[in-house]
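Everything below concerns the one structure shown next.
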Number of protein chains: 2
Amino acid sequence: MVARACYLPAVPRTIDRDARKAKLAEAVWRIIVERGIGAVSVRSVAEEAGVVVGSLRHVFPTRAELLEFSAELMVARATERIQATPLPADLGEAAFALLRHLMPLEQESRAEMEVYIALLAESPALPRLAAIRDEANQQIAQLCGQVVAALIGRPLDDERTVTETRRLHALVDGLALHLLVQPADADTTWATDLVRADIARLIATRSPDSQPAPSTD
Amino acid sequence: MVARACYLPAVPRTIDRDARKAKLAEAVWRIIVERGIGAVSVRSVAEEAGVVVGSLRHVFPTRAELLEFSAELMVARATERIQATPLPADLGEAAFALLRHLMPLEQESRAEMEVYIALLAESPALPRLAAIRDEANQQIAQLCGQVVAALIGRPLDDERTVTETRRLHALVDGLALHLLVQPADADTTWATDLVRADIARLIATRSPDSQPAPSTD
DNA sequence: CACGTGCTAGCACGACTGTGCCAGCAAAGG
DNA sequence: CCTTTGCTGGCACAGTCGTGCTAGCACGTG
């Protein structure tokens, strides 16, 4: 992951490699969103990022590495955005604050979702992408699990927690899909209302004698 | 659509155009499933279908037409399979019999789902695909609507019907997504159980004075 | 200053792409 | 029989693809 600091001895290193990689990954995202995964080539990405192909290939020697890093960075960005969510004191509001990040409600998360779909579509060709997809999926499932456990006041490994987690995860991902295929500027309250309703339903079935702490970070 | 019978006068017409088109579309599906949308080219499809490029292009002059027809046929196949579903007398069982076709539980519906994802990923490049995607989506939404209306015994335009339809649609599509990203031979009962549970929940809230007829065809 | 290295810019190659075009074939109509 | 027509098989072209390779530039370090 890091392996950068051990290079200190004597090197020019003018540019910030990580910033460059991020810039290229973002160019990949833009092309996926605007022109589809089929339009992603080393040349189109280099042009979109404003660098020449040689520079791109200095950082990503092969196209596969470029795509894999782009997918990984997308997952990382989403993860850190969720972890940085300020949690309201109210349990239901805290749950919603977390879950709303799993749906394409803003332009940024819309792009992430679109990249995720492209990742699905290309995973037969680039098997590494399947692993990244699974990792992203598992992280979302874990988040849903913690939210559900906190809402219904039962442990993570409780049978009902597991079932409700799967249901909530499916609901959120299904809504995400439907939000993605509607115009970006269309109304989204119908989806957020459904999530809020499900949160309320889960709270309503809360075990009376349960630990009050959410502990969903 | 048809415009075939008006050709009677005098033509050889040795092959069945529609069968040929279907064979090519199925080749497209296989390549999407096995190698990803990026591997779909006129040459790869022709080889997969066992014809030469010239023959493919005699039926589909351009690659876009090939992809659009493949997507349309996928939607049509799914639609006719659902319409051909025998409906059990029991309301809940009938609902499940319909809804199970919306999830990739068998190899065939798995392929359809995979094609649908590829369709999503490529729709920025081929705008016609976006229309097909919307049409498929609307058909599924309609089916969910009829199922929900029958289950809760309220009219289609009832407010609660609309809300529950959206929820059921999201649940089913989310489960479909999760079933797709798990191995084809993995257990699927967890997903079908969730659908059955939701059907039971909807029936439980059924209005007491409602028309008993499902009328979901 | 000169040296070494990170980086850029670009050429070159072979493979592959979609599509235009045409020669040849088999079969149905006259 | 011959002609017409649907279809096959394939060549060709221009463009794009990923990637190997190299010459030159800019800059941190000695």
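Since the model is a prediction, treat every value here as computed from it, not as a measurement. Convention: sequence-line order gives letters A, B, ...; per-chain numbering from 1.
Nucleotide dT17(C) holds its P atom 13 Å from the CG atom of L56(B), rounded to whole Å. One can place CD of E47(B) at 13 Å from P of dG18(C), the figure rounded to the nearest angstrom. Taking atom NE2 of H58(B) as the reference point, atom C1' of dT8(D) lies 9 Å away to the nearest angstrom. When rounded to the nearest whole Å, the span between CZ of R20(B) and P of dG9(D) equals 9 Å. Atom P of nucleotide dT19(C) and atom CZ of F60(B) are separated by 13 Å, given to the nearest angstrom. Taking atom CD on E65(A) and atom P on dG20(D), their separation rounds to 10 Å, with Å as the unit. Atom CD of E122(B) and atom P of dG18(C) are 12 Å apart (whole Å).
Closest to the V53(A) side chain, of the nucleotides dG6(D), dT19(D), dG6(C), is dT19(D).
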Using a cut-off of under 3.5 Å, enumerate the N/O to N/O pairs linking the protein to nucleotides 16-18 of chain D.
from, atom 1, to, atom 2, distance (Å)
dC17(D), OP1, S41(A), OG, 2.9
dG18(D), OP1, V42(A), N, 3.4
dG18(D), OP2, V42(A), N, 3.0
dG18(D), N7, R43(A), NH1, 2.6
dG18(D), O6, R43(A), NH2, 3.0

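The side-chain heavy atoms of I82(A) and L102(A), taken from C-beta on, include a pair separated by under 4.5 Å.
Within the structure, every pair that satisfies the ring-ring contact (aromatic ring centres under 6.0 Å, His included) test and touches residues 157-177 of chain A, not counting sequence neighbours, is listed here: H169(A)-H178(B). Sorted by first and then second residue, the ring-ring contact (aromatic ring centres under 6.0 Å, His included) pairs involving residues 117-137 of chain A (not counting sequence neighbours) form an empty list.
Residues that satisfy the salt bridge (Lys or Arg N to Asp or Glu O under 4.0 Å) test with E65(B), not counting sequence neighbours, are absent from this structure. For R30(A), the side chain to side chain donor-acceptor pair (under 3.5 Å) partners at least two apart in sequence or on another chain are E48(A).
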Anything under 3.5 Å between a donor and an acceptor, one on a side chain of residues 70-80 of chain A, the other on a protein residue two or more places apart or in another chain? List them.
from, atom 1, to, atom 2, distance (Å)
S70(A), OG, L66(A), O, 2.8
E72(A), OE2, R128(A), NH2, 2.6
R77(A), NH1, E26(A), OE2, 3.2
R77(A), NH2, E26(A), OE2, 3.1
T79(A), OG1, V75(A), O, 2.8
T79(A), OG1, Q139(A), OE1, 2.7

